[in-house]
Amino acid sequence: MATIERRSPVAFPVRAVRSTKIGHWTVVQQYTNEGEGPWLIDLSHHPRWDLQDADIRRCKPFPVNVPVDPGTCTLDRGLLVNRMNRTQCSIWHLLGDTPQPPADPVCTETTDATALMALAGGKVFAITEKLTNLDLTDPGPKPPFLLQGPFCHVACQLVIAQRRDLDGTLLLACSRGYGQDMAHAILQAGEEFDLRPAGEDQWRNLLKQIQNERSERF
Amino acid sequence: MKRLAGLPTLRVNSARAVSIEYDGKRFHGVEGDTVATLLYANGTRIFSRSLKYHRPRGLYSLDGQSSNTYVDVDDIPNVCAENTFVGNGMRVEPQNVLGTPEHDWMAFMDKLSWAMPAGFYYTIFHKPARLWPIAVRHIRKTAGLGSLSPDVELRGRFDQIYPAADVCIIGAGPAGMSAALAAAAQKLRVILLESRPWLGGYFDYRTRNHKPGMPLYLRGRQLADQLEQAPNIRIFKHTAVIGCYSNNLITAFQRGSEADCFAERYVQIRAESVVVATGCIERPLLFENNDRPGIMQIGCAHRLARTWGVLAGEQAVFSIGHDLGIEAAIDLHDLGLSIACVADVREDGCDPALPPQLEARNIPFYPGWVAAKAHGRKVLKKVTLTNLSGVCKQQFDCDTLVASAGLTPVTGPLALAGARLEYDAHTGYFLPTGIPQKMHAAGRMLGLEDPTAIELSGRLAGLRAVADCGMAVGATISGVEEELAKLPGPARGSKFVVAPVEGKKTFVCFDEDVTIQNIDQAMRLGFDVTELIKRFTSAGTGPGQGGIAGHNLPLYVALTHRSPDLHPRPTTVRPPLVPTLLATYAGTNHPMSKRTPVHASQVAAGGVMERLQPWQRARRFCADTTARAEIENVRTNVGMLDASTLGKFRIFGPDALKALQRVYVSDMARVSTGRMYYSAMCNEDGCVIDDGVATQIAENDYYFTTSTGRAGETSEWIRYHTRYDRWDFHIINLTDAYGVINLAGPNARKVLEKVVDGAVSNEAFPFLGFREFMVHGAIPVRAMRLGFVGELSFELHVPSSYMQSLWDILEEAGEEFAIWNFGLEAQNTLRLEKGHVILGSESEQRTTLHDIGLGFFWHRDKLEAQTVGAVALKQTENDTSRLKLVGFKMEEPAARAPRDGSPIVAERIRGYVCTARYSYALKEPVGMALVEGYLAKNATRLTIFEDDCKGELMKAKVVPMPFYDPTGKRMRM
Amino acid sequence: MLGRGKRLWSRSKRLKSSYDAVIIGGGLHGLATAYFLATRHGMNHVAVVEKRYIGFGGAGRNTAIVRANQRTQENLPLYKEALELWPVLTQELDFNLMFYNCGNLNLAHSEAALKAMRLQVASAQFHGIDSRLIDPKECKELVPALDVSDRLRYPIYGGMYHPPGGIVRHDAVVWGLASGASQKGVDIIQGVAVTGIGVQGGRITSVETDHGTITTPRVLNAAGAYAAAISCEMLGMRLPISVLTIQAMVTQPLKPILHHVISSGTYHCYANQTLKGEVATGAHMDPWPNYTTQCTAHYIKHQAEALTQLLPCLKGVKFMRAWAGLADMTPDMAPIIDGNDPVRGYYLDCGWGYFGFKSCVVTGKYLADFMASGVCPQILRPFTGRRFEQHRLMGETPALVHYSPDN
Amino acid sequence: MALTITCPICGKRSGYEFRFGGEDKGPPPQAAGLTPAAWCDYVHRNNCVAGVQKEWWCHRQGCGTWFSIYRDTTKNLEVAGPQSEDV
């Protein structure tokens, strides 16, 4: 009998060591030979929403604040809220659980609209500069911040979550249909830096780091 | 040939030997050799033959400014031997010769030059007319340099990089290095681009003192060390700048070394500020046979010895116009080159310290003298020198002539970025004026010659770039400006000199074999603009572009005119500044296409995939190209189509309905919950651009679909057409969020009811209904009863991550009916039988809603909505002369269907077949065509002109549509 | 012999005070019209006024491709005659225009493209023009360097082969026509800019230039990309035109490898090998209006990506020179040829986009008829600028139009 | 040439991220009584200014906003204008 499964648009050409079930998703915790980084991590199973309203600052579908300026982000209790323009935010749930979807009609669930990946570790921005002419190392904005623009020719949302010189963590969301080719292009560009696919465990560690770093700063 | 060893300036490693195969023989050199230096060290003097006259050509500039040393390397033609490092096992072949460069059977062409004046090809071979087609074949064969095999594959990896920078500096000579250090001191992100494999520029090979005890080359290395240690400077060596565009976009390419994981990579930089410190190249001296092998520029002879340890010859004559020439003569003498004499085109003005040094070495010095003629059939044997008036002459035996008129600045990047070049009488340079904002020039290209001044001008430019980045360095800038003012300014350049010549082979352009006589000829014919002379004679249009001709051509033209109001104007510089491999421009060129959520299983099921805009979709699953089995399965049983590429949108907010009314032709106020509503969008010409269905989800909240091709543009379209209204509505593109399965066929309901949690009977879920179900209690599905293929069918929209599971579940549930895939080809025939249009297939750019018979969807009363296209729909609604969409069948049912796109003719072309297929359901071909209005009436005969029909027209007749199930009961059952 | 020859055209910058006709623009269309006015209608009291130098604009910047496989029957006869004129004109001008009849191969990368080609091919055949559909194998036979495998991002489904087409040396046409017109008495005035057009009582009376006023009853606006701006500024006549930059480039010269002009709509790319051996290739346009003739980094890269897909062996070849020209695009990719409407004596020949080269001599011939007689020849009538308000787009492009006329 | 456009949301970006939306001709004219010539004038005809013009752009590869800017068509450079709008 056909099983009910949710599938990511991204499949890595490596063997999984350990996986868990989250809802109908099979999430790989760890792949073989993940190496020391940089890593490419598929986060497509993390729930995401689109929030739009003429007066967006008044919206509170989640108990977190909407960032004030377009291009800025807030990361609070595992929810990353990215201000896209005057009336719109994307919201990415980055923890491992499944939160209750908001009932507010200003929210649209968009988990399946995009592929979401994290590119993290050493020399991450040496990899990205091979794929985009967007300036991800601009010292101006402080992470986390959002850039919307072409990455490997495809319109993407890029969140620079943390950054130290060429090292750091980048979250990338592109149209789901492009997910497979995008992952392939990134892996190919990262070959010279020993970029390898990694699982959710690695992501947990990274998220902890990012959150600690942020609490230190504030 | 013996190599000079132990020189501190050498850039070769004599301890490690390398070798190449050239013209079938093996030659040895040392690590660090280029193909050109290795061959030269082995005695090669003739590297190639020229394009037109097949004259022997040799090493001239060492910087790749002409095709003189172009060779074939590993089957890749037109490789410049001067800047290609030797890799072990390289196979090098000469090109454009019949025989060898030494003995070229085409050499007789040189004797025919009298028959080839400028533009001669415009005046011959066309009479009689039949001569030309024969001549053209021979002309083609003689033209061109290297040859390329159609199946050759370039090896190596090609990559690209878009590094970010605040300040980008072009050129790592003393000025560029100083600029980089100045900018880096302010913690800015600095990028330094250098075309040679090492830093130092023209300091790198010179032993003259910068300061006492500090030779120039050592100073260069000192600066380089500082740069390498600065953490915020990124240095790209062996990187040639190829383009320089407005808003400071710089493009370049880097050659990889053996340690790099790329053969070459394309580099593109957008910088806040740019410093151009590209220095100078030498300008060729014009005299008879100035292209003979053995004649070379100063830097060529000097660097050959100092950088590669190769002496250019045994006995040399120098005919120069710059102190660098005298310096080189002294240095090369000391390294062992015998020098017959040094002629200087300048009568005065050389550094007074230099002539005594020549005298000390017994080298005769002739100020105000210049080379007039080179002798020697293939390579140089002797030289005639003359004074400038041509009265006195003297001949010298030599195998090397170092010939150089002076310097000319490398202004390519500035000119490409929009600077104008003006002739400056003092320096004799074309100096850049009107340099774009946030762009600065520095160093030797400004005419500076004092090493300290050059470094300081670099520092100044670096600081100005810092100021461009918004940092307060004004005071420092003033300080440097004052300091620079105290140092020597731009030096006086040598005059433009054409040696008194009696012969005819004084080349302005080597690549295209253009002589000064050709320029004269062009001017006599009325070509008086340099740009036109360039086109007519093709001077400067060869592989070296303006490198050889750039300076001399405009000056020669101005000189010949002798008109005081005529300023010398250089010809336009065009990118790329350096010839660049297509592979390098192309880079990795990642293929980016979209896959549907069931892509893998569609492929596994034997789907023949094709690209449909960004998507990959299955055209068919059976071997038969007409997809008969798939069609019949849908008509009689049940099939599944992956329709995930359909555009899907949510629009909500107080003004959502207004926005829909603006773009859809129908009255969208009629869109209600639980039902699907079909409508179309037009452009301002009233031409149909899209169709789809919409439903209401909640108050002010709609879900609608668009065609695949419009999915990417619909949000933009709606926002564009409401841009003056400031309405409050929100759109989300959900195209990728939902997969779509079209479950179609008389057994579709039997399959669906097995898996969903709600009633799907015709009563509970009628035609055009919209329902939300759960499949197996877990998968949320938006279901629509639509009838595109003309059977009972359900369009199931499911979150993409569940799509594969739903597909598998339906396949399993349909197993008892032998449910099967169908693809786009089957869908095309199925919908054709129903007379349903596909926009772009049954419409073209100029087809209105009326033309395809869908005018009734337009609600003319909603004037206040200002529907896009409504004005044009009103203006065209009674126009009977337009092309109309009709259905047709063949007059003989046994005839085959005409091919898509075939014109319909009656004296002239009256329309064309949009789609026609054999209908297995009706057992005869059916089709749709766009035809002139007068042919649109029922039963009218259409005569179809197929390609290659040899006058045999096919005959069809107009019939009403739909062809299949005209009452539509099958999709309502 | 040319080498010792006389000037090809007069040097004079001196304008006479009146002419029977003034042609704005010393490009191909202006020169061709002047030539035919002088040779076919004896109207040689004509001035061609050029702001820069002859052939400065599109005439010297196109990639010299000629063909007659247009889509619509309004265009087909015109381009057919144009093709036939090259050899004739070569003899008439006694100037080798170097028509290289290599044939054109247009590639299809989808079923839909094949269908669109079928219409073009059959329409051409109906008009007696040789053009046929061929399969990928035949494409490969014609162009051995072509990759017809399915490694291509957009594999080749077939092609439209059009043997009568080819390339013509574009500069030669400029110089040949200028020389021919000049010999018949036409004044070719370079370096003079038109600054105004005088109209009285709905008739053309004069042309103002920066070198003085010329009285004339007839003006032809053949200013190429600048035609629309001139029309708008000097006569208040706005035109349905957008001026876009289009780019082309050549590789270093090679021995013959491409024996046909090849093109691909999907890859936005065409290529041919010039008689000099350079592979000349052209691209897509920057999709916003501008009057700069600067190149872009974006498109030379795009062009390399496209060409190395279609012809992988060209990876090892180097681009040597890129340049840009202007294309005056209309919404339906067909030109605007008009006269005496609404101003008597004002003639318009513009909106050629990137087809201006192929059509220049034939258009000049019929425009000369038009200007000499005042009556529009039948063949030019469909090109009236009124067609846009009559909702009669020409249909030269099958594609759906975008919401802005500039795309 | 390397056009940059300043998006009111995302800042200065490469021109190729945007879609050009035509000369700014103001809102469409009222449909009632509109002659074909007047309609055509609004829809198809352009000023083709060789100089500075106000025009619409959409940041299609970025935030998706439509906005207007001023640009010099003879230099292909964005210039400062009296005001710009976005929707």
Side-chain angles (χ1 to χ4, degrees), chain B residues 76-78 117 119-120 122-123 125-126 129 136 139-140 143-148 150 152 154 243 245 249 251 268 521 525-526 529 532 535 543 574-576 579-583 585-586 589 591 611 683 689 717 720 840 844-846 872 876 899-903 905 908-909 912 945-947, chain C residues 2-3 5 7-9 53 73 87 90-91 95-96 100 110 115-116 118-119 121-123 125-126 132-133 144-145 153-154 171-172 252-257 275-277 295-297 300-301 304-305 307-308 313-323 391 393 395 397-401 403:
Chain B
I76 301 300
N78 299 344
F120 73 99
Y122 300 118
T123 63
F125 299 134
H126 64 289
V136 77
I139 292 173
R140 289 193 79 211
L145 291 172
S147 63
L148 185 73
V152 70
L154 179 64
Y245 305 88
L249 187 81
T251 60
Q268 181 177 308
Q521 287 159 348
L525 288 168
V529 183
L532 278 180
R535 281 189 202 170
R574 308 214 178 265
T580 307
L581 282 172
L582 268 68
Y585 269 120
N589 197 8
R611 285 286 292 253
N683 66 12
I689 55 156
W717 175 266
Y720 179 78
E844 54 179 344
Q845 181 204 24
R846 53 183 173 164
T876 55
R899 294 192 282 258
D900 294 353
S902 299
V905 300
R908 43 180 277 144
I909 294 170
Y912 63 93
F945 180 94
E946 269 192 345
D947 57 317
Chain C
L2 192 56
R7 288 184 66 91
L8 293 170
W9 49 83
Y53 51 83
Q73 57 192 340
T90 293
Q91 300 303 319
F95 201 81
N96 194 346
Y100 173 39
S110 66
K115 165 179 159 182
R118 174 97 51 203
L119 173 59
V121 159
S123 299
Q125 289 180 2
F126 185 73
R132 52 185 183 264
L133 281 179
R153 199 158 308 166
Y154 299 97
D171 285 334
Q252 293 184 338
L254 298 168
K255 295 292 176 204
I257 182 160
L275 295 187
K276 276 178 76 178
C295 300
T296 64
I300 194 164
K301 185 163 182 11
E305 288 170 358
L307 262 185
T308 53
C313 67
L314 293 187
K315 281 181 189 165
V317 175
K318 296 185 182 96
F319 274 138
M320 176 172 87
R321 178 171 69 251
W323 67 92
H391 302 280
L393 268 59
T397 169
L400 293 165
V401 271
Y403 49 83

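Here is how names work: the chains are called A, B, and so on, in the same order as the sequence lines, proteins then strands, and each is numbered from 1. In this text, all values refer to a predicted model and were calculated from it rather than measured experimentally. All heavy atoms count here, side chains included; hydrogens, waters and symmetry mates do not.
The nearest pair of heavy atoms linking C/Pro253 to B/Gly144 is CB-CA, 3.8 Å. Residues B/Leu148 and C/Cys313 share a closest heavy-atom pair of CD2-O, 3.6 Å. Scanning all heavy atoms of the two residues, the minimum distance from C/Trp9 to B/Gly526 falls at NE1-O, 3.8 Å. Shortest non-hydrogen contact noted between B/Pro576 and C/Phe319 is CG-O, 3.4 Å. When all heavy atoms of C/Thr308 and B/Ala583 are compared, the pair lying nearest together is CG2-N, 4.4 Å. Considering every non-hydrogen atom in both C/Thr90 and B/His126, the closest pair reads CG2-CB, 3.6 Å.
Remark: the backbone N or O of C/Leu393 is paired with a side-chain donor or acceptor of B/Arg846 at under 3.5 angstrom.
With a threshold of 4.5 angstrom between heavy atoms, B/Ser902 approaches chain C through its backbone and through its side chain. Contact of C/Pro87 with chain B is not made at all, since no heavy-atom distance falls under 4.5 Å. Within the 4.5 angstrom heavy-atom criterion, only side-chain atoms of B/Val529, from C-beta onward, approach chain C. If you measure heavy-atom distances from B/Leu582 to chain C, the contacts under 4.5 Å come from both the backbone and the side chain.
Between the NZ atom of C/Lys318 and the CG atom of B/Leu581 there is a distance of 5.0 Å, given to the nearest 0.5 Å. Atom CD of C/Glu305 sits about 4.0 Å away from atom CG of B/Asn589, to the nearest 0.5 Å. Taken to the nearest 0.5 Å, the OH atom of B/Tyr585 stands 13.0 Å off from the CG atom of C/Leu307. Considering CZ of B/Phe125 and CG of C/Asn96, their distance stands at 9.0 Å, rounded to 0.5 Å. From C/Lys255, atom NZ reaches atom CG of B/Asn78 across 10.0 Å, with rounding to the nearest 0.5 Å. Here the straight-line distance linking atom CD of B/Glu844 with atom CG of C/Leu119 works out to 8.0 Å at 0.5 Å rounding.
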**Asked** Would B/Asp947 and C/Arg132 satisfy salt bridge (charged side-chain N to carboxylate O under 4.0 Å, His left out), going step by step from the backbone distance to the final call?
**Response** CA-CA 7 Å; B/Asp947 57 317; C/Arg132 52 185 183 264; over 6 Å; no

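Residues passing the ring pair (Phe, Tyr, Trp, His ring centres under 6.0 Å) test with B/Phe945, sequence neighbours excluded: C/Phe126. Contacts of C/Arg321 classified as side-chain hydrogen bond (donor to acceptor under 3.5 Å, both in side chains), with partners at least two apart in sequence or in another chain: none.
Counting heavy-atom pairs closer than 4.5 Å to chain B, the top residue among C/Ser110, C/Ala145, C/Gly277 is C/Ala145. Residue with the most contacts toward chain C among B/Ile76, B/Val152, B/Leu145: B/Leu145 (heavy-atom pairs, distance under 4.5 Å). Chosen from B/Ser147, B/Pro543, B/Gly243, the residue pairing most often with chain C at heavy-atom distances under 4.5 Å is B/Pro543.
Taking the side chain as every heavy atom from C-beta outward, C/Leu275 and B/Val136 approach each other to under 4.5 Å.
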